[in-house]
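Remarks on the structure that follows.
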Amino acid sequence: MASLQRSASSSDSDPQYANIDERKRKRMLSNRESARRSRMRKQKRLQDLVQEVSALQKDNSQISERISVATQCSIEMQSANNVLRAQAMELTERLRSLNSVLQVVEEVGGYAVDIPEIPEPWQLPCPIQPIMASVDMFEYDG
């Protein structure tokens with residue numbers, strides 16, 4: 001305790017010690033201020049990261065929703081394609097059946113009938129063009 005009193009009394013009376021104490025005090029204040037700014041920067045950085053995480057989670061959920069919608073559309077398209085493939089196969093069989101009837105008519109009736117060729121698998125030369133048909137095409141006038 002006596003040494004504390006001695007150093008305190010010596011710093012009060014000695015200007016060199018007073019100058020050192022003043023520098024220590026200024027350094028301590030500067031360090032405190034620097035630590036405060038550092039804590040504020042860390043807190044700001046944390047807030048920015050939390051906001052970024054929130055934005056990324058929102059984006060992630062939107063992307064997941066879009067993937068879900070696209071997957072559902074894909075499933076629906078695959079189902080529609082399966083139906084169309086089945087219909088194409090059915091129509092191919094019907095066309096084969098009609099061709100066989102035309103062959104019988106040609107052989108038995110003696111009529112010259114143009115029997116179309118059925119491509120395998122059933123493909124149109126230009127898939128973009130729609131097939132135009134009407135009921136009148138298959139009526140028998142005979």
Side-chain angles (χ1 to χ4, degrees), residues 1-107 109 111-142:
M1 191 97 165
S3 64
L4 284 177
Q5 287 177 347
R6 207 177 324 130
S7 66
S9 64
S10 64
S11 66
D12 291 340
S13 61
D14 192 357
Q16 182 181 5
Y17 286 119
N19 196 13
I20 291 174
D21 285 345
E22 181 62 23
R23 275 191 259 153
K24 270 185 174 179
R25 190 183 63 76
K26 283 183 181 179
R27 193 176 335 122
M28 214 166 62
L29 287 175
S30 175
N31 286 346
R32 284 182 185 160
E33 183 61 25
S34 177
R36 186 185 67 77
R37 286 192 308 265
S38 178
R39 285 190 303 273
M40 289 178 69
R41 280 193 306 270
K42 285 180 184 178
Q43 185 177 8
K44 174 74 168 106
R45 177 70 176 142
L46 179 63
Q47 288 172 348
D48 291 346
L49 289 173
V50 167
Q51 288 176 348
E52 185 178 355
V53 165
S54 176
L56 290 172
Q57 286 174 335
K58 181 181 175 187
D59 289 348
N60 194 15
S61 84
Q62 288 174 345
I63 290 169
S64 293
E65 179 63 28
R66 287 176 30 205
I67 288 171
S68 176
V69 168
T71 301
Q72 184 61 36
C73 286
S74 173
I75 290 169
E76 290 172 6
M77 287 297 128
Q78 288 174 353
S79 176
N81 280 342
N82 289 339
V83 168
L84 290 173
R85 281 188 190 101
Q87 288 175 343
M89 288 172 42
E90 180 183 337
L91 289 173
T92 301
E93 283 304 311
R94 289 174 71 185
L95 186 57
R96 282 192 182 114
S97 178
L98 289 173
N99 279 350
S100 65
V101 169
L102 287 176
Q103 285 175 344
V104 168
V105 167
E106 185 178 48
E107 290 172 5
Y111 297 110
V113 180
D114 186 26
I115 301 174
E117 220 177 276
I118 303 171
E120 291 292 332
W122 199 47
Q123 294 177 349
L124 298 174
C126 183
I128 297 172
Q129 292 180 330
I131 300 174
M132 301 304 280
S134 68
V135 176
D136 303 321
M137 294 174 63
F138 300 109
E139 288 186 358
Y140 180 69
D141 292 329

S38: side chain to side chain contact (heavy atoms under 4.5 Å, CB included) partners, not counting sequence neighbours: R41, K42
So, using side chain to side chain contact (heavy atoms under 4.5 Å, CB included) as the criterion, who are the partners of T71 when residues are at least two apart? I67, I75
Between OG of S54 and CG of L49, what distance do you get to the nearest 0.5 Å? 12.5 Å
Taking only residues two or more places apart in sequence, or in another chain, which ones meet E22 in a side-chain hydrogen bond (donor to acceptor under 3.5 Å, both in side chains)? R25
Using the salt bridge (Lys or Arg N to Asp or Glu O under 4.0 Å) criterion, which residues pair with K58? Sequence neighbours excluded. none
Checking L46 now: which residues fulfil side chain to side chain contact (heavy atoms under 4.5 Å, CB included) with it, not counting sequence neighbours? V50
Strictly by salt bridge (charged side-chain N to carboxylate O under 4.0 Å, His left out), give each pair with a member in residues 59-79 just once, sequence neighbours left out. none
Looking at residues at least two apart in the chain, or sitting in another chain, which of them share a salt bridge (Lys or Arg N to Asp or Glu O under 4.0 Å) with R36? E33
Determine, stepwise, if the pair T92 / M89 fulfils side-chain contact (heavy atoms from CB on, under 4.5 Å). CA-CA 5 Å; T92 301; M89 288 172 42; 5.5 Å; no
Member of R45, Q47, R39 meeting the side chain to side chain contact (heavy atoms under 4.5 Å, CB included) criterion with Q43: Q47
How would you list all residue pairs meeting salt bridge (charged side-chain N to carboxylate O under 4.0 Å, His left out) that involve residues 80-95, not counting sequence neighbours? E93-R96
Residues passing the side chain to side chain contact (heavy atoms under 4.5 Å, CB included) test with N31, sequence neighbours excluded, are R27
